[in-house]
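See structure below.
For this chain, numbers begin at 1 and follow the sequence in order. Atoms within each ligand, like the ligands themselves, are counted from 1 in listed order.
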Amino acid sequence: MEEKLVGEEFSLQALCDGHALVPSPLVQDHKRAYEGDKGPNTGGMGSYSDADHRLLFVTPQDFEGALETMRKTVAAMAARGTPFKGILYGGFMATKDGPKLLEFNVRFADPESMNVLPILEDDFLESCQALTEGHLPASLRFAHQATVCKYVVPMGYGSHPRAGEQLKVDEDSIRQTGAKLYYASVDEKGGHLYTTTSRSLAIVGIAANLEEAESISEEALAFIAGSFYARRDIGKPDVIQRKVERMQKIRQG
Ligand code: GLY
């Protein structure tokens, strides 16, 4: 038996040095395969984060509540003599009764790591070193930029993914759009790339606001040819606005 939660999911990833918990910007993942959050659950089709490091449908109280849940967990681990050092990723649902913890993972989230790590202004390795030595700073510096990540996946991903389809990736043109390109699961044969049954690659647009970040991701996707699927709705302003309105209705009961 599980409690049914109605709301919008958000991800909070933090570095933890055994005592201090240092959060990164909030991100929303999109687990459903098809646009409009329909279809089978997947490993995540894409994600976005906003320039102010918050999400429009997450209230300041939701954010503080989620952070408090993570801080209490870390404090309890330290109190029982097993302090946690590493990355703590909380998957939360914003509901009318506040944020509810869905799951903890002791790793960065995928795709959400691709939203936060490219805008980290502090040195990542030095931060990891501080984490292992138990003296993380009170906060890490992240650029005030919005990010939109879209995964390119094989056709049928989520139910019957079609492996072995050739993908033509024009890396130079993608680079010129300013987008980042991260390969995930592709096969290379004879100098050509082919889909596997898993997600193929991710494109991340980064800009001063979500609208620009989303259009950069779309511009870059145009330089990938082949038989693939990507959720085009992720990070689009009207889609985010609908999520905000949905949460307002949920909160009003
Ligand atoms: N974004 C879901 C996960 O990393 O598990």
Query - Main-chain N/O of G39 paired to R32 side chain as donor or acceptor, under 3.5 Å - result: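 Yes, the answer is positive, given that a donor and an acceptor are paired below the 3.5 Å cut-off.
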Report task. Ignoring hydrogens, just give me the one of R107, E112, K31, M45 whose non-hydrogen atom is nearest atom 1 (N) of ligand 1. Result ->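 Nearest option to atom 1 (N) of ligand 1, by heavy atoms: E112.
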Report task. List the closest protein heavy-atom neighbour of atom 2 (C) of ligand 1: residue, atom name, distance to the nearest 0.1 Å. Result ->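 Among all protein heavy atoms, the one nearest atom 2 (C) of ligand 1 is Y89 OH, 3.1 Å.
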Query raised in the report: Can you list the ligand 1 atoms lying under 4.0 Å from a non-hydrogen atom of D29?
Result: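 Near D29, the atoms of ligand 1 are 1 (N), 2 (C).
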Query raised in the report: Atoms of ligand 1 less than 4.0 Å from A109 heavy atoms?
Result: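 Answer, ordered by atom number: 4 (O).
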Report task. Measure from NZ or CZ of K100 to the centre of the six-membered ring of F92, then state whether that distance is under 6.0 Å and the direction lies within 45° of the axis. Result ->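 That pair does not qualify as a cation-pi contact.
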**Report entry** Among V148, T147, V239, V27, side-chain contact (heavy atoms from CB on, under 4.5 Å) partner for Y48
**Finding:**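 Per the side-chain contact (heavy atoms from CB on, under 4.5 Å) rule, the option paired with Y48 is V148, out of V148, T147, V239, V27.
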Query raised in the report: For residues Q241 and E245, is any side-chain donor paired with an opposing acceptor at under 3.5 Å?
Result: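 Indeed, the side chains of Q241 and E245 share at least one donor-acceptor pair under 3.5 Å.
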